Asker: 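Okay, handing you the structure first.
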Amino acid sequence: RLLEQIQSLVEGAPPAAPSETPRPRPQVAERGPAQAVNLETLVHLEELGSSHAFLERLIDVFLADADTLLGKIEASLRARNIAEFRAQLHALKGSSASMGTDRLTALCQDLGRQSDAELKLKVPALVKSLGEELALARAELERYLATRRSSADAG
């Protein structure tokens, strides 16, 4: 759905005229070995859009999809349906990687490598850790947008 949203926003849009001054690039705090949000990815996504609202809409779609996927992940784990869990986890990993939420992507990769038996033993912890990483990604994305807005207002 995220890729479809990107495509629909970009299709037929005239290329943005290069601005004389580069867009301000807000800093996103680094946390541990992987960043919660990869600033470079967000800048590249923003460059795809033809308006300033593009990235904001894209982030909104990502967060809504991620919330839905997290709900499906939780339901599949409660039902002990590991195959469905892996499918939903893979979808979350893909959209997370596309959005540059690196820590969430890394967690999804790590969980995807675990055996079915390991996953079944960790059900409550899995849901908690995915929820925490998504909350962190949400906070960092919202901080990025707020910084971007205040930079635009100041410029």
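Quick caveat: nothing in here was measured; it's all calculated off a predicted structure.
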Asker: Ignoring hydrogens, what is the shortest heavy-atom contact between Ser129 and Leu107? Give both atom names and the distance.
Answerer: O-CD2, 3.6 Å

Asker: For Val37, is there any backbone N or O sitting under 3.5 Å from a side-chain donor or acceptor partner on Thr101?
Answerer: no

Asker: Given 3.5 Å as the limit, does a donor-acceptor pair link the side chain of Glu74 with the main chain of Gly71, or not?
Answerer: no

Asker: Rounded to the nearest 0.5 Å, what separation is found between the CD atom of Gln109 and the CD atom of Gln114?
Answerer: 12.5 Å

Asker: Could you measure the distance from the CD1 atom of Ile82 to the CG atom of Asp116? Nearest 0.5 Å is fine.
Answerer: 5.5 Å

Asker: For a quick test of reading the model, state the closest non-hydrogen atom pair linking Leu134 to Leu63 and the distance between them.
Answerer: CD1-CD2, 4.4 Å

Asker: Between the side chain of Arg86 and the main-chain N/O of Gly112, is any donor-acceptor distance below 3.5 Å?
Answerer: yes

Asker: What's the spacing between Glu142 CD and Thr147 OG1 if we round to 0.5 Å?
Answerer: 11.5 Å

Asker: Step by step, work out the side-chain contact (heavy atoms from CB on, under 4.5 Å) result for Val123 and Arg80.
Answerer: CA-CA 9 Å; Val123 169; Arg80 301 284 191 196; 2.9 Å; yes

Asker: Give a yes or no on whether Ile59 and Leu48 share a hydrophobic cluster (residues Ile, Leu, Val, Met, Phe, Trp, Tyr; joining criterion: side-chain heavy atoms under 4.5 Å apart).
Answerer: yes

Asker: Does a salt bridge link Lys72 with Glu84, judged by any charged N lying under 4.0 Å from a carboxylate O?
Answerer: no

Asker: Test side-chain contact (heavy atoms from CB on, under 4.5 Å) on Arg113 and Asp110 and set out the steps.
Answerer: CA-CA 5 Å; Arg113 290 185 198 117; Asp110 291 343; 2.9 Å; yes

Asker: Indicate yes or no: at least one non-hydrogen side-chain atom of Leu104 is less than 4.5 angstrom from one of Met99.
Answerer: no

Asker: Using the rule given for side-chain contact (heavy atoms from CB on, under 4.5 Å), can you reason through Leu58 versus Phe62, listing the C-alpha separation, both sets of side-chain angles and the distance that settles it, and then say yes or no?
Answerer: CA-CA 6 Å; Leu58 195 60; Phe62 164 73; over 6 Å; no

Asker: Look up atom NZ in Lys93 and atom OG1 in Thr105, then write down how far apart they are to the nearest 0.5 Å.
Answerer: 9.0 Å

Asker: Hey, does the side chain of Thr41 reach the backbone of Gly100 with a donor-acceptor pair shorter than 3.5 angstrom?
Answerer: no

Asker: Is it true that, when you exclude Glu40 itself, more than 12 heavy atoms of the residues, nucleotides or ligands shown sit nearer than 6.0 Å to its CD?
Answerer: no

Asker: Output the distance between atom CG (Asp102) and atom CD (Glu140), rounded to the nearest 0.5 Å.
Answerer: 11.5 Å

Asker: Taking side chain as C-beta onward, heavy atoms only, is Tyr144 less than 4.5 Å from Glu46?
Answerer: yes

Asker: So how far is it from Ile73 CD1 to Leu92 CG, rounded to the nearest 0.5 Å?
Answerer: 5.0 Å

Asker: For a side-chain contact (heavy atoms from CB on, under 4.5 Å) check, start with the C-alpha distance between Cys108 and Leu130, then their side-chain angles and the critical distance, and finish with the verdict.
Answerer: CA-CA 8 Å; Cys108 291; Leu130 285 167; 4.2 Å; yes

Asker: Does the side chain of Gln35 reach to within under 4.5 Å of the side chain of Arg103, using non-hydrogen atoms?
Answerer: no

